Colleague: 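Can you read through this structure? Questions will come right after.
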Amino acid sequence: MAERKRVLVCGAGGFIGHHLVRRLKAEGYWVRGTDLKFPEYSETDADDFVVGDLRDQAFVARAVDQRFDEVYQLAADMGGAGYIFTGENDADVMHNSATINLNVLDACHKRNIKRIFYTSSACMYPEHNQLDPDNPNCAEDSAYPAAPDSEYGWEKLFSERLYLAYGRNHGIEPRVARLHNIFGPEGSWRDGREKAPAAICRKVATAQSGGEVEIWGDGLQTRSFLYVDECVEGFLRLMHSDFQGPVNIGSDEMVTINSLVDIVSSIAGKELRKNHIPGPQGVRGRNSDNQLIAQKLGWQPSTSLADGLKPTYDWIEKQVFANS
Ligand code: NAD
């Protein structure tokens with residue numbers, strides 16, 4: 001029997017990493033996960049899981065102690081708007097994530113590991129192309145001249161370039177994805193790092209019917225949100241394709257934050273008023289442009305927002321009750 005492929009997932013204790021490990025195991029891979037922590041809400045499926053700090057080169061050398069067939073690098077200091085747009089975490093976000101990427105990539109190079117997947121973010125796109133909520137431009141070739149609206153986005157851009165440079169100079173085969181707002185069960189929902197879908201599910205779950213939901217800003221800012229299973233499907237397809245990216249992995253079903261609240265309220269069966277309050281919002285409009293992924297991979301995500309929100313809401317509602 002052929003030997004099973006061996007895969008390393010960095011950031012395997014996090015939201016997407018945990019789902020990715022589950023999928024890789026279902027596909028028959030031998031998987032090592034590594035992270036600062038174990039997944040919070042359920043046991044990891046990884047064959048081996050090493051807890052440690054990827055900012056520490058000695059730890060990274062131990063985690064990358066063999067020639068893995070594939071490495072997925074998801075570890076990053078990150079969070080939703082309440083974490084990355086206030087300015088308070090800028091130095092940590094840049095220092096921590098850049099150090100992780102420098103360390104992991106170099107350790108892989110030293111082991112002669114070729115195929116490495118890097119999760120960049122739509123936050124690296126220029127702010128000036130995302131001022132019109134009805135018509136944001138997030139085509140891959142709109143990235144330069146660069147002008148992200150957060151230090152988180154600048155670090156992602158730096159690290160994208162780092163992976164591609166190792167590709168050009170050191171024979172690494174990077175695969176670079178720009179993720180657009182991934183959501184689903186088992187993500188942050190109340191620790192200050194949660195993103196809009198989880199925060200809104202939580203607010204709706206805790207509200208009484210006839211009550212209100214607080215929304216940061218006027219709610220007319222637009223976004224698209226991708227269900228985590230589709231995100232992981234995109235990872236595997238890109239990883240096993242000949243295309244290195246960078247390419248968007250996101251949904252192109254763009255909605256206002258007000259409509260996101262309406263969808264979640266209807267899933268919950270609650271009538272709720274919207275109370276618009278000041279808060280960090282990020283760019284005015286953002287949507288995934290899926291032309292390149294469709295062209296290069298012959299695939300693009302298709303799960304609707306409402307279909308993804310249903311299991312997400314059910315999971316968050318359970319957390320709310322379990323913690324009340
Ligand atoms: P997450 O925060 O749940 O997972 C990141 C993981 O990295 C965490 O478990 C964290 O403990 C780990 N980590 C942080 N610092 C570490 C360190 N020094 N050593 C070891 N582990 C460390 O985030 P996620 O939503 O699963 O995102 C995964 C990746 O995708 C990140 O790189 C993120 O920037 C990117 N991304 C996510 C989204 C999204 O909507 N979730 C959007 C764009 C890009």
Side-chain angles (χ1 to χ4, degrees), residues 8-22 32-41 44 46 49-60 62-64 72-81 83-84 89 92-104 107 116-125 138 148 150-160 163 176-189 191-199 223-228 230-232 234-235 245-251 282 286 288 301 308 312:
L8 174 67
V9 177
C10 303
F15 165 52
I16 303 172
H18 184 42
H19 285 270
L20 173 62
V21 167
R22 196 176 281 151
R32 170 179 292 167
T34 182
D35 200 298
L36 284 172
K37 58 175 176 65
F38 291 110
E40 225 171 309
Y41 306 106
T44 181
F49 197 106
V50 202
V51 169
D53 191 335
L54 294 165
R55 290 169 301 182
D56 172 1
Q57 283 183 344
F59 172 74
V60 176
R62 287 200 299 280
V64 188
Y72 291 82
Q73 197 321 75
L74 283 71
D77 191 0
M78 67 93 71
Y83 188 73
I84 58 175
N89 306 302
D92 282 349
V93 164
M94 296 190 89
H95 174 268
N96 294 340
S97 297
T99 307
I100 293 168
N101 285 311
L102 289 160
N103 287 348
V104 170
I116 306 180
F117 192 97
Y118 174 58
T119 47
S120 180
S121 163
C123 287
M124 45 62 62
Y125 283 116
C138 292
S150 66
E151 301 302 359
Y152 170 75
W154 278 106
E155 190 282 326
K156 288 294 187 190
L157 203 52
F158 163 77
S159 290
E160 278 189 4
Y163 283 82
V176 177
R178 294 174 177 163
L179 311 188
H180 289 245
N181 279 316
I182 313 305
F183 74 97
E186 301 193 73
S188 284
W189 62 281
D191 62 0
R193 290 175 184 247
E194 66 276 18
K195 301 185 159 198
R223 290 291 184 280
S224 67
F225 303 95
L226 181 67
Y227 190 57
V228 64
E230 287 272 60
C231 170
V232 167
F235 281 18
V247 66
N248 293 327
I249 295 188
S251 160
R286 176 170 292 152
S288 183
T312 310

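None of these values were measured; they are calculated from a predicted model. Atoms within each ligand, like the ligands themselves, are counted from 1 in listed order. Residues take their numbers from the sequence shown, with the count starting at 1.
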Colleague: Is there a donor-acceptor pair closer than 3.5 Å between any side-chain N or O of Glu194 and the backbone N or O of Gly192?
Modeller: yes
Colleague: Please state which protein non-hydrogen atom is closest to atom 31 (C) of ligand 1 and give its distance, to 0.1 Å?
Modeller: Leu74 O, 3.0 Å
Colleague: Is the contact between Phe183 and ligand 1 made by the side chain, the backbone, both, or neither, using heavy atoms and a 4.0 Å cut-off?
Modeller: neither
Colleague: Tell me, please: is His180 in heavy-atom contact with ligand 1, that is, under 4.0 Å?
Modeller: no
Colleague: How are the rings of Phe117 and Tyr72 set relative to one another: parallel (under 30°), tilted (30 to 60°) or perpendicular (over 60°)?
Modeller: tilted
Colleague: Consider every N or O of Lys156 and every N or O of ligand 1, then say whether any pair is closer than 3.5 Å.
Modeller: yes
Colleague: Closer than 3.5 angstrom, by distance alone: can the side chain of Arg32 be matched with the main-chain N or O of Ala63 as a donor-acceptor pair?
Modeller: yes
Colleague: Tell me, which protein residue and heavy-atom name are nearest atom 23 (O) of ligand 1, and how many Å apart are they?
Modeller: Met78 SD, 3.4 Å
Colleague: Can you list the atoms of ligand 1 that are under 4.0 Å from a heavy atom of Ile182?
Modeller: 39 (C), 40 (O), 41 (N)
Colleague: Between the candidates Gly52, Gly14, Ala76, which shows the shortest non-hydrogen contact distance to atom 13 (N) of ligand 1?
Modeller: Ala76
Colleague: From atom 36 (N) of ligand 1, work out which of Asp35, Leu179, Leu36 has a heavy atom at the shortest distance.
Modeller: Leu179
Colleague: Please identify which of these residues, Arg286, Lys156, His180, Arg178, meets the side chain to side chain donor-acceptor pair (under 3.5 Å) condition with Tyr125.
Modeller: Arg178
Colleague: I need the nearest protein heavy-atom contact for atom 34 (O) of ligand 1: residue, atom name and distance, please.
Modeller: Tyr152 OH, 2.6 Å
Colleague: Using a 3.5 Å cut-off on N or O atoms only, is Ala122 in polar contact with ligand 1?
Modeller: no
Colleague: Is there side-chain contact between Asn89 and Asp77, with heavy atoms separated by less than 4.5 Å?
Modeller: no
Colleague: Is there any N or O on Ala75 that sits under 3.5 Å from an N or O of ligand 1?
Modeller: no
Colleague: Return the option from Asp191, Thr119, Val50, Asn181 holding the heavy atom at the smallest distance from atom 35 (C) of ligand 1.
Modeller: Thr119
Colleague: Let me confirm one number: the OH-CG distance from Tyr163 to Asn101, rounded to the nearest 0.5 Å.
Modeller: 3.5 Å
Colleague: Nearest 0.5 Å, please: how far is CG in Leu54 from OG1 in Thr34?
Modeller: 5.0 Å
Colleague: Say whether Ile100, considering both its backbone and side-chain N or O atoms, lies within less than 3.5 Å of an N or O atom on ligand 1.
Modeller: no
Colleague: Just how far is it from atom CG of Asn103 to atom CZ of Phe59, taken to the nearest 0.5 Å?
Modeller: 11.0 Å
Colleague: Of all the atoms in ligand 1, which lie at a distance below 4.0 Å from a heavy atom belonging to Asp53?
Modeller: 17 (C), 18 (N), 19 (N)
Colleague: If we set the cut-off at 4.0 Å for heavy atoms, which region of Lys195 has an atom near ligand 1: side chain, backbone, both, or neither?
Modeller: side chain
Colleague: Show which atoms of ligand 1 fall inside a sub-4.0 Å distance from at least one heavy-atom site of Gly13.
Modeller: 9 (O)
Colleague: Any side-chain heavy atom of Asp35 within less than 4.5 Å of one from Thr44?
Modeller: no
Colleague: Under 4.0 Å from a heavy atom of Leu54: which atoms of ligand 1 are those, numbered in the order shown and with their elements?
Modeller: 17 (C), 18 (N), 19 (N), 20 (C)
Colleague: CG/Leu157 to SG/Cys123 distance, rounded to the nearest 0.5 angstrom?
Modeller: 11.5 Å
Colleague: Does the side chain of Asn96 come under 3.5 Å of the side chain of Arg55 through a donor N or O and an acceptor N or O?
Modeller: yes
Colleague: Should one rank Phe15, Tyr72, Tyr118 by closest heavy-atom distance to atom 1 (P) of ligand 1, which comes out on top?
Modeller: Phe15
Colleague: Would you compute the distance between atom CZ of Phe15 and atom SG of Cys231 and round it to the nearest 0.5 angstrom?
Modeller: 7.5 Å
Colleague: Would Ser97 count as a contact residue for ligand 1, given that I'm defining contact as a non-hydrogen atom of the residue lying under 4.0 Å from a ligand atom?
Modeller: no
Colleague: Looking only at protein heavy atoms, which one is nearest to atom 26 (O) of ligand 1, and what is the separation?
Modeller: Ile16 N, 2.8 Å
Colleague: Only heavy atoms of Ser121, strictly under 4.0 Å: list the atoms of ligand 1 that pass.
Modeller: 43 (C), 44 (C)
Colleague: Can you tell me if Ser224 uses its side chain to pair, donor with acceptor, with the backbone of Ser251 under 3.5 Å?
Modeller: yes
